[in-house]
Amino acid sequence: MSYVLTDSATMVRRNLTRMIRYPSLTFQLLIMPVVFLLLFVYVFGGTLGAGLGGPSGGRGEYLNYVTPTIILMSITAAVQGTSISIAMDMTEGIVDRFRTMKIARVSVLTGHVVGSLVQTVLAMTFVFGVAVAIGFRPQASALGWLALAGLLISMSFAMIWLSAALGLASKSVESSSNVGLPLILLPFFGNGFVPTDSMPTVLRWFAEYQPFTPFIDALRGLLMGTPIGNSGYIAFTWCAVIGIGGYLWSKKLFNRESTR
């Protein structure tokens, strides 16, 4: 067990160092969610916020509405970065080198997952800091903050395991950069940027039952101190389904590659 922990720690440091050496991935993980936040708040926020019907309306109302979605997008951005990193390792020969060394095999994936989780937490913190700087004021209680942290970590962990499986399933680095695109676009087809009431029937049905909608509802309610109903339970259930499925798929793919 001590070797597993030591080797895993080494792999985590390796993947955090890669974040610095590949600035394009760092840009995608840290900057792109902030660009979306500023774009939707300052370009579309005045009009979209007026249509929300809140007490203040306008840009400030829309900032409160869209910030949870942008925090979610910082998680989905990490999905693409993780799948690319794993695909690079699998296609460029470093994993073959690891097989010849006396290291714990589980540490390879553990390093990617834990390293990506650290990066994702930093990205979410950065996005949240920018949102507060431009006027976002959360109303969460102490218990709400704890539930919020648990929900964000659970979703991040689940999505990272799914991205690990997608990276292992990719045949090249180029293809791995595209497999996570549907997850990045999925918040647009939900209640992340506009309420679902104005959508056509078919799109509204999809938006209401896709995995990200209860997560956004729960996140929005916890941040603003409003009731979340059963959204929290549904969101944690989706986290469990995605995380366990991604872990089992990743384990199967990695073991298959390791025996070749």
Side-chain angles (χ1 to χ4, degrees), residues 19 25-81 116-160 183-196 207 211-228 231-232 235 239:
M19 182 180 178
L25 293 180
T26 305
F27 176 83
Q28 173 184 292
L29 187 62
L30 296 178
I31 305 301
M32 287 306 296
V34 173
V35 171
F36 275 109
L37 176 65
L38 299 178
L39 174 66
F40 276 91
V41 171
Y42 287 107
V43 177
F44 307 116
T47 301
L48 294 175
L52 293 176
S56 60
R59 187 169 289 111
E61 188 75 23
Y62 191 69
L63 175 61
N64 293 335
Y65 185 86
V66 81
T67 295
T69 307
I70 303 301
I71 294 175
L72 171 63
M73 292 188 69
S74 66
I75 299 176
T76 59
V79 170
Q80 194 171 24
S116 295
L117 184 61
V118 172
Q119 295 172 13
T120 304
V121 170
L122 292 176
M124 290 189 294
T125 304
F126 183 63
V127 170
F128 183 80
V130 173
V132 170
I134 63 176
F136 177 62
R137 296 295 180 265
Q139 305 296 323
S141 63
L143 185 61
W145 283 114
L146 290 175
L148 180 69
L151 184 59
L152 288 172
I153 295 298
S154 298
M155 176 58 77
S156 300
F157 197 64
M159 296 298 293
I160 289 170
L183 297 175
I184 296 175
L185 296 177
L186 205 56
F188 291 93
F189 296 95
N191 66 342
F193 294 95
V194 294
T196 60
F212 286 165
T213 293
F215 180 79
I216 294 173
D217 284 338
L219 189 59
R220 190 175 285 143
L222 290 172
L223 281 170
M224 302 311 300
T226 58
I228 63 174
S231 297
C239 290

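Note that these values count all heavy atoms, side chains included, but never hydrogens, waters or copies made by symmetry. Everything numeric in this text was worked out from a predicted model, so none of it was measured.
Atom CG of Leu223 sits about 5.0 Å away from atom CG of Leu148, to the nearest 0.5 Å. Note that the SG atom of Cys239 and the CG atom of Leu151 stand 5.5 Å from one another [nearest 0.5 Å]. A distance of 9.0 Å separates OG1 of Thr76 from CG of Leu185, quoted to the nearest 0.5 Å. Atom CD1 of residue Ile75 and atom CG of residue Leu152 lie 5.5 Å apart, to the nearest 0.5 angstrom. From Arg220, atom CZ reaches atom CZ of Phe215 across 11.5 Å, with rounding to the nearest 0.5 Å. The OG1 atom of Thr213 lies 4.5 Å from the CG atom of Asn191; values are rounded to the nearest 0.5 Å.
The ring pair (Phe, Tyr, Trp, His ring centres under 6.0 Å) with Phe193 is formed by just one residue from the set Phe40, Tyr65, Phe212; it is Phe40. Checking each of Asn64, Thr69, Ile71, Ile70 against Thr67 for a side chain to side chain contact (heavy atoms under 4.5 Å, CB included) leaves exactly one that passes, namely Ile71.
Proximity of Leu37 to Leu63: side-chain heavy atoms (C-beta onward) are separated by under 4.5 Å at one or more points. Contact annotation: the side chain of Phe136 approaches that of Met224 to within less than 4.5 Å [non-hydrogen atoms, C-beta and beyond]. Using a 4.5 Å cut-off on side-chain heavy atoms (C-beta onward), Thr47 and Tyr62 make no contact.
Counting non-hydrogen atoms of neighbouring residues, nucleotides and ligands closer than 6.0 angstrom, the CZ atom of Phe157 reaches no more than 12 such neighbours. Summarising the local packing, CZ of Phe36 is surrounded by 12 or fewer heavy atoms from other residues, nucleotides or ligands at distances under 6.0 Å.
Shown here for Pro68 and Leu219, the closest heavy-atom pair between the two residues is O-CD2, 3.3 Å. The two atoms that bring Ser74 and Thr120 nearest to each other are O-CG2, 4.3 Å, heavy atoms only. Heavy atoms only, all atoms of each residue included: Ala207 and Gly190 are closest at CB-CA, 3.6 Å. Heavy-atom minimum distance, Pro33 versus Val127: CB-CG2, 3.7 Å.
The closest donor-acceptor contact from the side chain of Arg59 to the backbone of Val41 lies under 3.5 Å.
Residue pairs meeting the side chain to side chain donor-acceptor pair (under 3.5 Å) criterion with at least one member in residues 123-147: none, sequence neighbours excluded.
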Side chain to side chain contact (heavy atoms under 4.5 Å, CB included) between Ile228 and Asp217, worked out: CA-CA 7 Å; Ile228 63 174; Asp217 284 338; over 6 Å; no
